[in-house]
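First the proteins, then the strands, lettered A, B, ... as listed; each starts at 1. In this text the structure is predicted, and so the values were computed from the model without any measurement.
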Amino acid sequence: MNTIALRPPYDFARSIRFWRRSTGELCEQWADGVYRRVIVFDAKPTVLALHNVGTLEAPAVTVELDERPATVDETARLAPLVRGLLADDSDVLGFYAAVADDPPMAALTERLRGLRPNRSPLWETLCWTICGQQISVAFAYMLKERLVRRYGAGVAVAGRTLYAFPAPAVLAAADPAELAAMQFSANKASFIIGLAQQLEARTLDLEGVASLPTNEAITYLTSFRGIGRWTAEFTLLRGLGRASALPANDAGVRQAITALYGQKLPEPELRVFAQRWDGWGGIVALYLLASLRKDE
DNA sequence: TTCCAGGACGACA
DNA sequence: TGTCGTCATGGA
């Protein structure tokens, strides 16, 4: 059977659409209850499709590769990757228990039960987060779409084209003027190209970040030009599902706390306020941001 | 017109 | 070390 069982509770649809807020997204698609993304499988760009075949309390997905069912063997090989993408190791029950005495947050976890921090590849996440610095989400999506369409590799299957996010080697050689023509600011263009070049030169080790504690990972990432604390925390949350990475300076997080707790807090005070969620700040941010959605 | 969006950098005191 | 101006764009 090509089914992968997941840890409950898991709301597949809610968790997928949490990060998917644009129909123009080229690297991943969410349509008709199916999540698709390009992966490299057997050294070949392949469209991975995940179908929800479970429930909130008995979650499971089936796997397709290039629009055909994966074999039992392929499913077994893909299971670690799929579990990673779907944040299967995320201890949301531990989070729910930790905030049980915090009525507003407890009510939110009840309403959004099963929401987990689904992940995207770290390099793609870092670039996406830089795209999103200071501007509206809609405009950030447009920047990413232009970047991927220009530098990414398309994979067409069954009349549908998805793109692999451009590899560091490709962006390391990109012309800043081309990014400027796509309406990237001069800073954002130089941040992305510069980080790609440092990855190529191995002076930036993104894979090693996964093994660092959150605080050390933030310190490491923010030592590179273009990565401030917000970018580091957001990257850790979306790229690694890091439960303790709270982007306290995020406009949406601040807005949600104001709505939920009636307190309008600047970043330093918010970090003090957030100590009540020690170790769960990233998951808290996820639930806070989701609470702002009209469709949730 | 001004302010604010899923900020970061560099100059300056 | 902390503050401020600047970068980019679009919507309210």
Asks: With a 4.0 Å cut-off on heavy atoms, is A/Phe184 in touch with a base, just the backbone sugar-phosphate, or nothing at all?
Replies: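 A/Phe184: no heavy atom of the nucleic acid under 4.0 Å.
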Asks: Has A/Phe234 got its ring stacked on B/dG6, by the test of a centre gap below 5.5 Å and a plane angle below 30°?
Replies: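 Yes, aromatic ring over the base.
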Asks: I want to check a possible cation-pi pair here: A/Arg37 against A/Phe165, using under 6.0 Å from ring centre and within 45° of the ring axis as the test.
Replies: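 That pair does not qualify as a cation-pi contact.
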Asks: Nearest whole Å is fine: how far is B/dA8 C1' from A/Ile135 CD1?
Replies: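 The distance from CD1 of A/Ile135 to C1' of B/dA8 comes to 13 Å, rounded to the nearest Å.
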Asks: Rounded to the Å, how far apart are A/Ile218 CD1 and B/dG7 C1'?
Replies: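 From A/Ile218 CD1 to B/dG7 C1': 15 Å.
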Asks: Roughly how many Å is it from CD in A/Glu145 to C1' in C/dT9, rounded to a whole number?
Replies: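 Roughly 16 Å, once rounded to whole Å.
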Asks: Of all heavy-atom pairs between A/Leu86 and A/Arg116, which one has the smallest distance, and what is that distance?
Replies: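 Smallest interatomic distance, heavy atoms only, reads O-NH1, 3.8 Å.
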Asks: Classify the nucleic acid contact of A/Leu289 as base, sugar-phosphate or nothing, counting any heavy atom under 4.0 Å across all strands shown.
Replies: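 A/Leu289: no heavy atom of the nucleic acid under 4.0 Å.
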Asks: Considering only the P atoms, how many Å lie between B/dA11 and C/dA8, rounded to the nearest integer?
Replies: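 One P to the other, the span is 16 Å.
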Asks: Do the numbers put A/Arg254 on top of the ring of A/Phe273, so that NZ or CZ is under 6.0 Å from the six-membered ring centre and no more than 45° off the axis?
Replies: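 No, A/Arg254 and A/Phe273 do not form such a contact.
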Asks: Given B/dC9, B/dG7, B/dA5, which nucleotide is nearest the side-chain atoms of A/Thr231?
Replies: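 The listed nucleotide nearest to A/Thr231's side chain is B/dG7.
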Asks: Is A/Ser185 near enough to C/dT9 that one of its side-chain N or O atoms lies under 4.0 angstrom from OP1 or OP2?
Replies: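 Negative; the distance criterion is not met.
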Asks: For the hydrophobic clusters of this structure (ILVMFWY residues joined by side-chain heavy atoms under 4.5 Å, transitively), does one cluster hold both A/Leu108 and A/Leu237?
Replies: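 Yes: a chain of side-chain contacts under 4.5 Å links A/Leu108 to A/Leu237.
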Asks: Take atom CD1 of A/Ile257 and atom C1' of B/dG6, then tell me their distance rounded to the nearest Å.
Replies: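 Interatomic distance, CD1 of A/Ile257 to C1' of B/dG6: 14 Å.
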Asks: Judged by each residue's nearest nucleotide on DNA chain B, which is more toward the 5′ side, A/Ser136 or A/Thr222?
Replies: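 It is A/Ser136, whose closest nucleotide lies nearer the 5' terminus.
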Asks: Whole Å only: how far is the CE atom of A/Met142 from the P atom of C/dG11?
Replies: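 Distance check: A/Met142 CE to C/dG11 P gives 10 Å.
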Asks: Using atom CG of A/Asn187 as one end and atom P of C/dG5 as the other, report the distance to the nearest whole Å.
Replies: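 Interatomic distance, CG of A/Asn187 to P of C/dG5: 17 Å.
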Asks: Identify, between A/Phe191 and A/Arg254, the residue whose nearest nucleotide on DNA chain B lies closer to the 5' end.
Replies: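 The 5'-side residue here is A/Arg254.
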Asks: Could you tell me the separation between the CH2 atom of A/Trp230 and the P atom of B/dA5, rounded to a whole number of Å?
Replies: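 In whole Å, B/dA5 P lies 13 Å from A/Trp230 CH2.
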Asks: What's A/Gln134 touching, base or sugar-phosphate or nothing? Going by heavy atoms closer than 4.0 Å.
Replies: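 Base, at least one base heavy atom under 4.0 Å.
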Asks: Considering only the P atoms, how many Å lie between C/dG5 and B/dG6, rounded to the nearest integer?
Replies: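 After rounding to an integer number of Å, I get 24 Å for this pair.
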Asks: Expressed as a whole number of angstroms, how long is the span from A/Gln255:CD to B/dA5:C1'?
Replies: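 Rounding to the nearest Å, CD of A/Gln255 and C1' of B/dA5 are 10 Å apart.
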Asks: Considering only atom P, compute the distance from B/dA5 to C/dG2 and round it to an integer number of Å.
Replies: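 24 Å, rounded to whole Å.
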Asks: If you define the side chain from C-beta out and look only at heavy atoms, does anything of A/Leu292 sit under 4.5 Å from A/Leu288?
Replies: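 No, too far: nothing below the 4.5 Å cut-off.
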Asks: Mind checking A/Tyr141 for me? I need base, sugar-phosphate or nothing, with any heavy atom below 4.0 Å counting as a touch.
Replies: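 Touches nothing.
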Asks: When you check the gap from the basic side-chain N to the acidic O, do A/Glu233 and A/Arg242 get nearer than 4.0 Å?
Replies: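 So A/Glu233 does not pair with A/Arg242 through a salt bridge.
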Asks: Give a yes/no on whether any side-chain N or O of A/Arg225 is located under 4.0 angstrom from OP1 or OP2 of B/dG10.
Replies: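 For B/dG10, OP1/OP2 do have a side-chain N/O of A/Arg225 under 4.0 Å.
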